[in-house]
Amino acid sequence: MKHVSRGWAGVVLGVLVGSASGCGGEVDADASSEVIRQERAFPGRTGEVRRANFQVAGGPRALAYERIDGERVFQGDILLPPEVPARELSALSVEAQGAVSTRAMTRWPGGVVPYTVDAALPNIGRVTAALAQWEALTPIRFVPRTTQSDYVTFRPGTGCSSHVGRIGGQQFVTLAPGCTTGSTLHEVGHTLGLWHEQARTDRDRNVVIHFENIEAGYAHAFETFAQEGAAGRNLGPYGLDSLMHYAPEAFSANDSPTITRLDGSFFTANRTAPTLADACAVKRLHGYGRHSDVNGDGYADLVIGAPDEDVGMGLDQGAVSVVLGSATGLGTAGLWLHRDVSGVEDTAGFADHFGAAVAVGDFNGDCFADVAVGVPEDDVNGIVDAGSVHVFLGSAQGVDLSTDKVLHQNSASVPDSAEAFDGFGAVLAVGDFNGDGYDDLAVGVPAEDYGSSALDSGLVTVLFGSVSGLTGTGAQSWSQAAAHVLEVTETGDRFGSALAAGDFNGDGFDELAVGVPSEDVGTVANVGAVNVLSGSIDGLTSTGNQLWTPGSDGVPGVASEEVLFGAALAAGDFNGDGRSELAIAAPGQTVGFMAGAGAVTVLRGGSAGLQSTGALAWSQDSAGISDVAEQGDALGSALVAEDFDGDGHVDLAIGVASESVGAVVGAGIVHVLHGAPGGLSTAREQRWSQVGSTVEEGAELQDAFGSRLSSGDYDGDGFVDLAVGVPYEDVGSATDSGAVQVLYSAGVTGLSRAGEQLWSQAPSEQTDSVETGDRFGEGL
């Protein structure tokens with residue numbers, strides 16, 4: 001059998017002593033062409049491709065690998081963990097995504113990577129140089145191991161290889177003598193969670209794979225993660241210049257290219273330094289400014305809507321505050337936005353409610369988070385309250401007002417048309433539904449009429465990201481009247497009242513969950529429902545769409561009146577299996593004899609999407625919850641899913657805005673349930689209110705603490721923090737002026753009072769003054 005491959009894979013299984021690594025793409029200046037040819041030969045390869053079943057979180061999966069130096073090597077340089085009994089998890093390092101590992105458990109907590117260096121490893125300088133480059137580009141820190149149980153060992157061996165992400169215990173980066181600094185950079189990229197770029201699901205829209213030129217038996221090295229059956233997703237635009245991309249002649253059998261551009265031309269593999277996109281992927285994986293870093297400094301920023309803010313002499317035009325993160329948390333630096341600010345399109349109008357909804361996402365793929373602001377009562381071309389969305393791009397200087405783009409149902413290529421009282425922009429959610437690495441924006445239009453027979457039946461419009469940001473090009477419109485979507489449009493359903501994006505089936509594309517809280521089930525009014533549309537390379541599709549209602553198909557709960565199932569939604573990987581679960585609030589659910597006490601149902605993800613098998617329902621009467629169900633509490637007023645304690649399992653914060661705290665009616669609380677291998681658990685459950693706050697005088701009548709929730713790593717320590725909207729907080733004599741309270745993560749113990757902050761429009765904090773009825777914090 002042939003043992004020679006004449007191309008850099010960007011990954012190398014074997015390297016001749018004294019030659020440079022093909023992974024690094026570097027050779028000594030005096031290297032002869034013969035040495036280069038030998039370098040590409042990958043000696044040490046057995047020439048035999050094997051397959052074995054590995055038990056991963058999603059179930060058994062057959063993986064192709066080669067055995068090198070007693071190790072199982074996947075896709076050229078990725079080490080698989082040892083085989084273990086089927087009841088245990090293995091191959092965790094291949095639960096990865098196109099640019100970055102999708103499983104939160106593969107993150108290095110706090111961005112700290114302990115390491116050791118085998119004394120037998122020659123040329124330690126390549127290791128220190130590679131680590132220094134990654135540290136210069138990201139907040140990641142490599143520290144010599146002391147007693148840490150999870151750590152990396154750099155060791156000698158045949159070829160260049162690494163595990164992907166943190167797999168638990170001791171793991172390795174193998175470096176043969178010829179593995180250069182460039183090789184080491186690539187392998188450390190794997191250690192930090194980066195996947196091979198050409199394993200993305202959108203690979204074939206960016207390059208051509210010439211299978212006819214691939215050495216016999218090695219086509220498996222070019223499978224996408226979806227073809228391998230691995231859970232994952234793409235992050236950022238496809239990068240031919242990525243440090244993690246295969247070279248054009250990877251695994252070539254005949255010196256002809258195995259990868260070219262779409263037009264057939266060559267490209268040059270990068271083994272010099274991580275790109276900004278590579279660094280961005282690492283930062284976002286590890287929580288640094290994840291999702292909401294507007295100025296790209298590694299600290300998440302907080303976007304707060306005050307939809308009833310008066311601008312000038314006009315009432316309720318609305319405004320948005322952008323508060324910037326820093327090493328000490330959220331600071332006074334920021335921006336106060338409204339439609340009369342210079343550079344912002346349009347002008348403020350009466351009761352526009354600019355900021356009723358806000359969302360952040362990287363819509364143009366430049367690693368700066370962009371800000372979308374819903375203006376649901378905006379008049380469009382004279383059409384009253386048709387609604388619109390403003391989109392501002394992020395930049396190194398913060399929100400760039402010169403980029404403001406206004407999109408509505410009369411914008412070019414946007415489906416449907418603006419109609420009076422539609423309220424386009426009332427609800428916003430961000431996800432990557434077509435897997436191209438650009439974030440997309442789902443816009444809820446719950447008051448949309450479908451014909452004259454289904455008033456307020458609801459609609460969702462999806463605007464897709466691109467190199468130029470969000471556009472109407474290719475936009476989609478979804479309702480229960482769309483082809484093959486389960487259920488039918490009916491008056492008052494309000495399809496799109498809540499939205500959440502998550503990859504429920506692990507195929508690399510986000511699905512969109514759509515709340516329909518006023519859906520009637522049979523003759524029972526306002527039971528509520530959730531429709532789920534599947535993501536695909538062409539965007540959302542109704543193929544295989546799902547409909548969930550309480551009490552059906554194994555879903556916990558009872559289809560009774562005013563349950564409002566689907567009033568709030570959140571998606572997160574609570575059990576760490578690489579697939580998102582869906583948390584569904586039913587704030588009107590009766591618990592025991594307590595009407596409107598509220599409950600939250602969690603559906604698990606699986607290869608076929610969401611499933612009711614193993615579904616759980618939580619209420620304040622559930623064992624381990626530190627409160628009791630009471631009439632009208634409305635548990636589930638808001639939901640947010642994030643990993644607050646950095647253990648690799650997403651946690652769930654649940655707002656209970658109408659909860660009475662002691663004798664104080666409607667003060668509001670927030671419960672936090674922590675994720676675990678079995679899903680959400682009440683172990684270490686936390687309960688937060690304004691009682692005991694270090695920055696607020698305490699619970700007050702009808703403050704509605706927990707009406708809105710958001711999250712971000714505002715102090716850049718690698719652990720995610722929680723922002724709690726208190727839109728009816730009284731500040732001084734200004735009734736219902738509103739506030740946002742921020743709880744910071746203390747690391748492995750989760751959220752704490754340490755460093756707690758309270759934000760309002762007081763002059764020392766914002767560029768406006770507190771006023772009665774502003775509802776600052778209603779948009780989060």
Side-chain angles (χ1 to χ4, degrees), residues 292 294-295 301-309 311-312 314 316-323 334-364 366 368-381 383 385-395 397-414 418 422-430 438-445 460-466 468-473 475 499 710 767-768 775-776 778-780:
S292 57
V294 173
N295 60 0
D301 308 311
L302 180 60
V303 182
I304 306 170
D308 287 349
E309 173 72 31
V311 177
D316 299 343
Q317 285 96 333
V320 168
S321 175
V322 181
V323 188
L335 185 65
W336 185 242
L337 287 174
H338 53 74
R339 299 178 91 190
D340 280 352
V341 170
S342 177
V344 178
E345 294 291 325
D346 218 325
T347 56
F350 175 76
D352 278 348
H353 298 298
F354 180 91
V358 295
V360 288
D362 188 2
F363 304 126
N364 64 350
D366 65 354
F368 297 102
D370 311 313
V371 178
V373 180
V375 196
E377 273 76 57
D378 186 21
D379 296 347
V380 176
N381 302 330
I383 303 170
D385 294 352
S388 67
V389 174
H390 284 253
V391 182
F392 304 90
L393 298 182
S395 72
Q397 289 71 47
V399 176
D400 186 350
L401 299 185
S402 69
T403 65
D404 182 20
K405 179 186 294 185
V406 182
L407 295 164
H408 45 69
Q409 289 179 305
N410 278 358
S411 297
S413 301
V414 175
D422 276 351
F424 182 90
V427 183
L428 302 174
V430 172
Y438 298 99
D439 282 333
D440 310 315
L441 182 68
V443 182
V445 198
V460 174
T461 297
V462 177
L463 305 170
F464 290 95
S466 70
S468 59
L470 292 175
T471 71
T473 302
L499 300 169
S710 187
T767 57
D768 198 82
R775 290 195 298 142
F776 183 84
E778 180 74 12
L780 273 184

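All values derive from a computational prediction rather than experimental measurement. Along the sequence shown, residues carry numbers from 1.
A pairwise comparison of heavy atoms in Glu377 and Ala351 identifies CB-O, 3.0 Å as the closest pair. The two atoms that bring Gly387 and His408 nearest to each other are O-CB, 3.5 Å, heavy atoms only. Closest approach of Gly305 and Val320 over heavy atoms only: CA-CG2, 4.2 Å. Across Ala372 and Leu441, no two heavy atoms sit closer than the pair CB-CD2, 3.9 Å. Ala475 approaches Ser413 most closely through the heavy-atom pair CB-O, 4.1 Å. Closest of all the heavy-atom pairs between Tyr438 and Gly465 is CB-C, 3.7 Å.
Under the 3.5 Å distance criterion, the side-chain polar atoms of His353 are matched with a main-chain donor or acceptor of Pro307. Within the 3.5 Å criterion, the main-chain N or O of Val406 finds no donor-acceptor partner in the side chain of Glu345. When atom types are taken as modelled, the side chain of Asp439 and the backbone of Val430 share no donor-acceptor pair closer than 3.5 angstrom. Not one N or O on the side chain of Asn364 forms a donor-acceptor pair closer than 3.5 Å with the backbone of Gly469. When atom types are taken as modelled, the side chain of Asp379 and the backbone of Asp385 share a donor-acceptor pair closer than 3.5 angstrom. No donor-acceptor pair under 3.5 Å is formed between the side chain of Asn295 and the backbone N or O of Gln397. Not one N or O on the side chain of Asp352 forms a donor-acceptor pair closer than 3.5 Å with the backbone of Phe354.
Note that the CG atom of Leu393 and the CZ atom of Phe368 stand 11.0 Å from one another [nearest 0.5 Å]. Taking CZ of Arg339 as the reference point, atom CG of Asp378 lies at 3.5 Å (rounded to 0.5 Å). To the nearest 0.5 angstrom, Glu309 atom CD is 7.5 Å from His338 atom NE2. Between the CG atom of Leu463 and the OG atom of Ser411 there is a distance of 8.5 Å, given to the nearest 0.5 Å. Rounded to the nearest 0.5 Å, atoms CG (Leu407) and OG1 (Thr461) are 10.5 Å apart.
The shortest side-chain heavy-atom distance between Leu428 and Val373 does not fall under the 4.5 Å cut-off. His390 is not listed as a side-chain neighbour of Val371, based on a closest heavy-atom distance of 4.5 Å or more. Between Leu780 and Ile304, some side-chain heavy-atom pair lies under the 4.5 Å cut-off. Leu401 has its side chain within reach of Leu335: a pair of non-hydrogen atoms, C-beta onward, lies under 4.5 Å apart. Side-chain contact between Val389 and Phe424 is present, with heavy atoms from C-beta onward closer than 4.5 Å. Within the 4.5 Å cutoff, the side chain of Ile383 has heavy atoms near those of the Asn410 side chain.
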Check the pair Lys405 / Thr471 against side-chain contact (heavy atoms from CB on, under 4.5 Å), numbers first and verdict last. CA-CA 9 Å; Lys405 179 186 294 185; Thr471 71; 4.0 Å; yes
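For Phe363, there are no ring-ring contact (aromatic ring centres under 6.0 Å, His included) partners two or more places apart in sequence or in a different chain.
Between Ser395 and Asp400, the side chains place no donor N or O within less than 3.5 Å of an acceptor N or O (distance only, hydrogens not considered).
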